[in-house]
> 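Okay, handing you the structure first.
Naming convention: chains lettered A, B, ... in sequence-line order (proteins, then strands); numbering from 1 in each chain.
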Number of protein chains: 2
Amino acid sequence: MKTATRKDEIIAAASSLFKEKGYSAVSMRDIAQEMGIKAASLYNHISGKQEILSTLVLFLAKEFTRGMHSVMISERSPLDKIRDIIELHIDITVNHSEALAALNNDWMHLEDQDLSDFVKMREDYEENFRTIVKEGIKAGDLKPRHPEVILFSILSTLRTLYLWYQKRGKLDVNILKKDMVAVLLKGIV
Amino acid sequence: MKTATRKDEIIAAASSLFKEKGYSAVSMRDIAQEMGIKAASLYNHISGKQEILSTLVLFLAKEFTRGMHSVMISERSPLDKIRDIIELHIDITVNHSEALAALNNDWMHLEDQDLSDFVKMREDYEENFRTIVKEGIKAGDLKPRHPEVILFSILSTLRTLYLWYQKRGKLDVNILKKDMVAVLLKGIV
DNA sequence: AAATTAGACTAACAAACGTTAGTTTTGTGA
DNA sequence: TCACAAAACTAACGTTTGTTAGTCTAATTT
């Protein structure tokens with residue numbers, strides 16, 4: 001557990017502001033004020049506003065990519081893989097709830113290589129998920145519904161979880177996982 | 001069916017840009033360019049950027065509020081009311097898919113009275129939904145799960161539907177409703 | 001034909017933006 | 001105590017921002 005550098009502190013402060021107002025509505029002066037310093041001082045630690053965003057977003061994108069990869073190479077059933085993906089999202093949400101807003105809402109403000117890297121990772125992630133869903137249907141694990149609707153309903157719930165997790169007073173992670181898996185897989189009626 | 005005024009055209013152009021980059025990242029010059037005119041000309045039709053946002057967001061918020069109200073006063077079962085709410089979201093998504101991005105992501109840039117009006121409507125909407133879910137559980141219509149988790153999983157799926165609706169080539173509305181109700185209520189396994 | 005109006009235009013404004021340059025302060029190790 | 005590096009500062013830059021004022025044009029109304 002290495003100590004947080006000044007750069008990490010800036011990124012954390014920025015995350016919090018991005019979550020409230022979005023990347024474009026947050027100025028370097030806002031971030032500096034949150035840190036108790038002047039805007040120009042930020043440049044002793046980071047190269048610019050864009051670096052804050054890309055550090056934030058690409059870190060999380062890689063986290064999801066890595067998680068999906070280990071699910072893919074596991075020998076578990078399609079249904080269990082979906083359970084694992086749900087838990088992956090919950091784990092990342094619990095550990096990085098501030099930064100997830102930027103991942104979801106501000107990725108389009110990335111530039112050049114960072115943007116195309118991100119889009120690639122996101123597309124691959126969805127494609128892998130889609131494959132698992134299709135395998136689940138073929139194997140009879142899942143009901144024979146349109147894979148796209150299943151994929152969408154699970155993914156949009158998981159992607160917006162960060163919005164609720166904080167508001168509802170940080171529920172216990174294991175209870176959350178249990179409830180979430182139950183509702184998403186078995187429905188409510 | 002009254003014809004679209006120039007103001008309506010501006011709001012439509014702005015919606016499309018807001019959806020792509022968010023309210024703060026879109027300039028009046030961007031909107032003007034989309035219309036093929038100069039930024040200053042926009043002010044012959046609207047009072048400012050803020051009016052575009054509030055027109056957009058409050059219109060939709062009222063649409064949801066009105067829809068929820070007619071569901072509430074109906075004499076249907078809690079389960080049927082939830083079905084109706086799902087269909088309400090799908091109808092609004094199909095008819096206003098561009099504007100929904102601003103509702104979801106840019107409402108916090110509203111000012112003063114508009115902001116507090118919006119927040120009130122949104123809170124009331126969620127509270128009404130929550131009440132229906134609780135009644136459904138009490139009546140035995142729904143499984144006895146935590147109402148908050150049910151509410152969250154349905155609502156976050158419905159709220160992000162606009163993102164998928166366009167990407168997946170505008171599916172048929174009735175099929176979409178059927179699939180959606182099935183997946184959200186009965187689960188996938 | 002004259003008058004009115006809707007809707008575009010150019011030019012400019014003050015404020016806020018991200019960022020740079022150069023300087024001063026602060027804390028650490030020799 | 002001195003030297004050095006880390007990290008703050010002030011001041012300013014060129015751009016972009018939302019918006020206003022005033023003007024011109026083309027269509028519609030009288």
> Between atom CE in B:Met35 and atom C1' in C:dC9, what is the gap in whole Å?
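Rounded to the whole Å, the gap is 15 Å.
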
> Any ion pair linking A:Arg130 and A:Glu127 (charged N to carboxylate O, less than 4.0 Å)?
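So A:Glu127 pairs with A:Arg130 through a salt bridge.
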
> Just the rounded figure in Å: distance from C1' of C:dC9 to NE2 of B:His45.
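Taking atom C1' of C:dC9 as the reference, NE2 of B:His45 is at 12 Å.
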
> Counting neighbours of CD on A:Glu126 that are heavy atoms of other residues, nucleotides or ligands and sit closer than 6.0 Å, is the number greater than 12?
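Yes.
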
> Between A:Lys7 and A:Glu51 (salt bridge meaning N to carboxylate O under 4.0 Å), is one present in this structure?
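Salt bridge between A:Lys7 and A:Glu51, a charged N being under 4.0 Å from a carboxylate O: yes.
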
> Atom NZ of B:Lys49 to atom P of C:dA16: distance rounded to whole Å?
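Spelled out: NZ on B:Lys49 to P on C:dA16 is 15 Å.
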
> For DNA chain D, which nucleotides open and close the run of contacts to chain A, 5' to 3', at under 4.0 angstrom from a non-hydrogen atom?
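So the outermost contacting nucleotides come out as D:dA7 to D:dA12.
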
> Closest-nucleotide mapping onto DNA chain D: is B:Ala25 or B:Asn44 further toward the 5' terminus? I mean the 5' end.
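Closer to the 5' end of DNA chain D: B:Ala25.
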
> Take atom CE of B:Met28 and atom C1' of C:dA15, then tell me their distance rounded to the nearest Å.
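In whole Å, C:dA15 C1' and B:Met28 CE are 16 Å from each other.
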
> Tell me: NZ of B:Lys7 to P of C:dG7, nearest whole Å?
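My rounded result for the distance is 13 Å.
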
> So A:His96 and A:Phe59, would you call those rings parallel, tilted or perpendicular, with 30° and 60° as cut-offs?
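Rings of A:His96 and A:Phe59: perpendicular, as their planes differ by over 60°.
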
> Could you state the atom-to-atom distance from CG of A:Asp30 to C1' of C:dA16 in whole Å?
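The distance from CG of A:Asp30 to C1' of C:dA16 comes to 11 Å, rounded to the nearest Å.
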
> Among C:dA21, C:dA12, C:dG18, which nucleotide has an atom closest to any side-chain atom of B:Arg29?
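Among C:dA21, C:dA12, C:dG18, the one nearest the side chain of B:Arg29 is C:dA12.
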
> Would you say B:Gln33 has more than 12 foreign heavy atoms packed within less than 6.0 Å of its CD?
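Incorrect, the count does not exceed 12.
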
> Considering every strand and a 4.0 Å limit on heavy-atom distances, what is the contact class for A:Ser41: base, sugar-phosphate, or nothing?
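Base: the residue A:Ser41, judged by heavy atoms under 4.0 Å, touches a nucleobase.
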
> Nearest-Å distance, OH (B:Tyr43) to C1' (C:dG7)?
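Rounded to the whole Å, the gap is 16 Å.
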
> Can you list everything that forms a side chain to side chain contact (heavy atoms under 4.5 Å, CB included) with A:Asp80? Sequence neighbours excluded, please.
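Only A:Arg76, A:Ser77, A:Arg83 meet the side chain to side chain contact (heavy atoms under 4.5 Å, CB included) criterion with A:Asp80.
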
